[in-house]
Novice: 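Submitted below is the structure of interest, expressed as structure tokens.
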Amino acid sequence: IYVLKLTGSSMGYSASSEVTITVQTPPVVVDAGPPQTIYLPVAIANLQGSGSVAGQPNAVIATLWSEVSGPATATFQDATEPVTEVSLPKPGVYDLRLTGTSSGYTQTSDVAITVVENSAPTATAGPTQTIELPSNRVTLDGSVSDDGLPSGILNVQWSEVSGPPGAPPVTLSNPSQQIGSGTTGTPIPATTVTTSATFSVAGVYLLQLNASDTQLTATSNLTVTVLPANSGPVVTINPSQILLTLPVMSATLNGSVVD
């Protein structure tokens, strides 16, 4: 509120008059939404802005998004819509502004969007293995790690990629595991993920270890060769019986071995 006074004087006489001027807050209300953190390579943020005119729910308000500052150019899907998507291609902090205008009044609101580079997790399934029936089970000791972004967890999955034609599926004792504290940004060091695999028939099997941080995925394969059971060698002597008549004291024996 401003009070202004006008004073006039003449021949020793003076008079004054005051006027009160009230400056009202522009009725346009704009909210750019809460700050956000997103993770590359998915560089898209969902902006939840809003604009209105105080006391006038049916008033028309024009809104426009713009970039105040940032490490790269922000690309808005529709800059005239308060709720829209924006593409932010490089890591850093972007200051985005929503401007609302109605009946000559203008108001602005800013929001900070932080873009962080997310590295893919690592996964190592382990070395190839060979077993021989009737031994039909192996222990798989894989290893996974992650930078803790964006969720602070790793979803780990063991699976069969391929096996002998017609063979029953491989039985995995603990195929699904979750690793990590769940705190964003807390690294997950190299961690052993163990399961056992049971096979029904001989052949070559390809198994896979998959690690997902909910945004990026790493995979690693290993081969398990299951050999048929060893039945042992077969020895044959021909003929099986020999009759010697004295004075003959020698005979010829023909033998064979198969394995």
Side-chain angles (χ1 to χ4, degrees), residues 1-2 4 20-123 144-155 178-188 210-219:
I1 297 175
Y2 298 84
L4 306 180
T20 299
I21 300 175
T22 300
V23 179
Q24 294 181 337
T25 302
V28 176
V29 179
V30 176
D31 184 0
Q36 300 181 45
T37 300
I38 63 174
Y39 302 92
L40 291 173
V42 181
I44 297 177
N46 294 309
L47 300 176
Q48 301 295 318
S50 63
S52 63
V53 177
Q56 303 178 42
N58 298 322
V60 176
I61 180 171
T63 56
L64 182 66
W65 282 101
S66 61
E67 180 180 3
V68 178
S69 63
T73 300
T75 302
F76 298 93
Q77 185 182 62
D78 187 346
T80 65
E81 290 291 336
V83 177
T84 188
E85 292 183 347
V86 61
S87 177
L88 308 172
K90 291 185 178 180
V93 179
Y94 295 77
D95 183 10
L96 306 181
R97 176 168 294 167
L98 180 62
T99 301
T101 303
S102 179
S103 301
Y105 293 99
T106 298
Q107 189 64 274
T108 63
S109 177
D110 289 6
V111 63
I113 308 294
T114 303
V115 180
V116 179
E117 184 80 43
N118 176 26
S119 299
T122 65
V144 296
S145 65
D146 189 53
D147 61 2
L149 299 175
S151 61
I153 62 172
L154 271 180
N155 294 310
Q178 190 175 88
I179 298 171
S181 65
T183 301
T184 297
T186 300
I188 300 173
N210 177 295
S212 171
D213 65 6
T214 72
Q215 185 182 48
L216 300 175
T217 299
T219 61

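Each residue takes its place number in the sequence, starting with 1.
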Novice: Minimum heavy-atom separation for Gly185 and Pro187, please, with both atom names.
Specialist: O-CD, 3.2 Å

Novice: To the nearest 0.5 Å, what is the distance between OG on Ser119 and CG on Leu216?
Specialist: 8.5 Å

Novice: Could you go through Thr184 and Leu149, starting from their C-alpha distance and side-chain angles, then the distance that decides it, and tell me whether this counts as side chain to side chain contact (heavy atoms under 4.5 Å, CB included)?
Specialist: CA-CA 6 Å; Thr184 297; Leu149 299 175; 3.9 Å; yes

Novice: Rounded to the nearest 0.5 Å, how far does CD1 of Ile179 lie from CG of Asp213?
Specialist: 12.5 Å

Novice: Who passes side-chain contact (heavy atoms from CB on, under 4.5 Å) against Asn210, sequence neighbours left out?
Specialist: Gln157, Ser212, Thr217, Thr219

Novice: Would you list the atom pairs, donor with acceptor, under 3.5 Å between side chains in residues 30-46 and any protein atom, with sequence neighbours excluded?
Specialist:
| unit_1 | atom_1 | unit_2 | atom_2 | d |
| --- | --- | --- | --- | --- |
| Asp31 | OD1 | Gly33 | N | 2.9 |
| Gln36 | NE2 | Asn46 | O | 2.8 |

Novice: Show every donor-acceptor pair shorter than 3.5 Å between a side-chain atom in residues 87-102 and any protein atom, with sequence neighbours excluded, or say none if there are none.
Specialist:
| unit_1 | atom_1 | unit_2 | atom_2 | d |
| --- | --- | --- | --- | --- |
| Tyr94 | OH | Lys90 | N | 3.1 |
| Tyr94 | OH | Lys90 | O | 2.8 |
| Arg97 | NE | Asp110 | OD1 | 2.7 |
| Arg97 | NE | Asp110 | OD2 | 3.4 |
| Arg97 | NH2 | Asp110 | OD2 | 3.0 |
| Thr101 | OG1 | Thr106 | OG1 | 3.3 |
| Ser102 | OG | Val60 | O | 2.9 |

Novice: What closest approach, in Å, do Thr214 and Pro150 show between heavy atoms, and which atom pair accounts for it?
Specialist: OG1-CG, 3.7 Å

Novice: Report yes if some heavy atom in the side chain of Ile188 is under 4.5 Å from a heavy atom in the side chain of Val144; otherwise report no.
Specialist: no

Novice: Does anything in residues 75-86 pair up under side-chain hydrogen bond (donor to acceptor under 3.5 Å, both in side chains), and if so which pairs, sequence neighbours excluded?
Specialist: Asp78-Thr80

Novice: Using the test side-chain contact (heavy atoms from CB on, under 4.5 Å), find all partners of Ser103 that sit at least two apart in sequence or belong to another chain.
Specialist: none

Novice: What is the minimum heavy-atom distance between Ala211 and Pro121, and which atoms define it?
Specialist: O-CG, 3.5 Å

Novice: Can you list every pair that meets salt bridge (Lys or Arg N to Asp or Glu O under 4.0 Å) and has a residue in residues 41-64, with sequence neighbours left out?
Specialist: none

